[in-house]
Amino acid sequence: MTNRKKIQQRSINLKNNKMMKPRPYMNPYLAGFLLGLLLLATIYISGRGLGASGAFKSMMVAAVQTVAPEHAENSLYYKEFAANNPGSPLRDWLFFEVIGVMIGAFFSGVLANRVGLKFEKGPRSSNRARIIAAILGGILFGYGSQLGRGCTSGSALSGMAVMSFGGIITMFAIFGSGYALAYFFRKLWIK
């Protein structure tokens with residue numbers, strides 16, 4: 001390859017790297033302010049705050065009703081859920097909210113040039129340990145969101161927006177336990 005062709009190839013590579021460079025993240029203060037405005041608009045329009053765990057509960061109820069209809073008919077939990085939520089559980093607005101969040105996140109990633117598959121873990125963590133920890137953490141947080149009657153968005157964020165004492169306690173519990181446990185897991189992420 002001649003020097004001219006090498007220079008042209010380097011120029012093409014530089015242009016491609018500039019085109020593929022991801023945009024910087026949004027200012028966290030601006031993002032928090034916009035999230036607050038979205039939360040207020042959601043409360044004003046729908047009479048309810050934001051949340052995600054309710055959508056997953058609706059999906060699980062729909063799955064049980066489809067796979068094991070006899071169990072759903074004989075279980076008090078599923079009977080009460082059906083009485084409080086007539087029609088299909090997948091017609092709940094939280095289900096559509098989560099679908100919208102996934103679509104919006106995808107388009108946000110496309111606009112910021114951040115779409116791609118990536119497996120993140122600390123330098124001292126194995127792939128297997130990271131996957132097990134992620135699954136276990138998701139299960140524990142899902143279970144906790146049902147005990148606390150809402151997830152971070154539903155109970156803590158929306159609860160605090162309406163000055164709910166339960167929302168304030170939930171926020172302290174989530175962040176307090178996160179800070180308390182971070183000490184024990186930090187060595188997995190720090191170089």
Side-chain angles (χ1 to χ4, degrees), residues 9-46 48-60 62-63 89-146 148 150-161 167 170-171 174-175 177-179 181-182 185-186 188-191:
Q9 186 61 41
R10 244 186 252 148
S11 172
I12 290 170
N13 289 342
L14 285 173
K15 285 180 187 176
N16 287 339
N17 286 340
K18 284 182 184 177
M19 290 177 14
M20 298 303 291
K21 185 177 181 184
R23 294 163 115 186
Y25 291 111
M26 181 183 280
N27 180 310
Y29 298 109
L30 175 62
F33 178 75
L34 293 175
L35 178 61
L37 290 179
L38 174 68
L39 178 59
L40 291 175
T42 304
I43 292 171
Y44 179 75
I45 293 168
S46 70
R48 297 174 67 178
L50 299 171
S53 58
F56 293 101
K57 184 187 330 184
S58 295
M59 286 188 278
M60 288 293 102
L90 300 182
R91 295 185 76 178
D92 185 46
W93 77 277
L94 287 174
F95 177 73
F96 292 104
E97 175 195 5
V98 169
I99 298 295
V101 166
M102 289 190 290
I103 292 169
F106 175 75
F107 283 116
S108 173
V110 168
L111 291 174
N113 201 16
R114 293 184 185 277
V115 175
L117 295 176
K118 189 166 137 181
F119 188 79
E120 292 189 16
K121 64 180 187 65
R124 297 182 186 172
S125 177
S126 69
N127 289 346
R128 184 173 183 228
R130 177 68 175 117
I131 291 169
I132 290 170
I135 291 170
L136 184 62
I139 290 170
L140 289 173
F141 202 83
Y143 183 69
S145 73
Q146 293 309 299
C151 59
T152 312
S153 303
S155 186
L157 186 64
S158 297
M160 285 185 67
T170 301
M171 187 67 90
I174 289 169
F175 282 95
S177 61
Y179 280 117
L181 291 172
F185 294 99
R186 75 184 193 288
L188 295 173
W189 289 93
I190 298 173
K191 292 180 181 180

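Ser46 places no side-chain N or O within donor-acceptor distance of the main-chain N or O of Ile43, the cut-off being under 3.5 Å. Within the 3.5 Å criterion, the main-chain N or O of Ser125 finds no donor-acceptor partner in the side chain of Arg130.
Atom CG of residue Leu37 and atom CZ of residue Phe33 lie 4.0 Å apart, to the nearest 0.5 angstrom. One finds the CG atom of Leu30 at 11.0 Å from the CG atom of Leu35 (value rounded to the nearest 0.5 Å). If you take CZ on Arg128 and NZ on Lys121, they are separated by 14.0 Å, rounding to the nearest 0.5 Å. Distance OG/Ser108 to CD1/Ile103: 13.5 Å, rounded to 0.5 Å.
Taking 4.5 Å as the limit, some side-chain heavy atom of Ile135 sits within range of a side-chain heavy atom of Ile131. Annotation: side chain of Glu97 is not in contact with side chain of Thr42 (no heavy-atom distance under 4.5 Å).
Nearest heavy atoms, Gly49 versus Leu39: CA-CD1, 4.1 Å. For the residue pair Gly109 and Val115, the shortest heavy atom distance occurs at C-CG2, 3.3 Å. Asn127 and Phe119 get closest at one heavy-atom pair: OD1-CE2, 3.2 Å.
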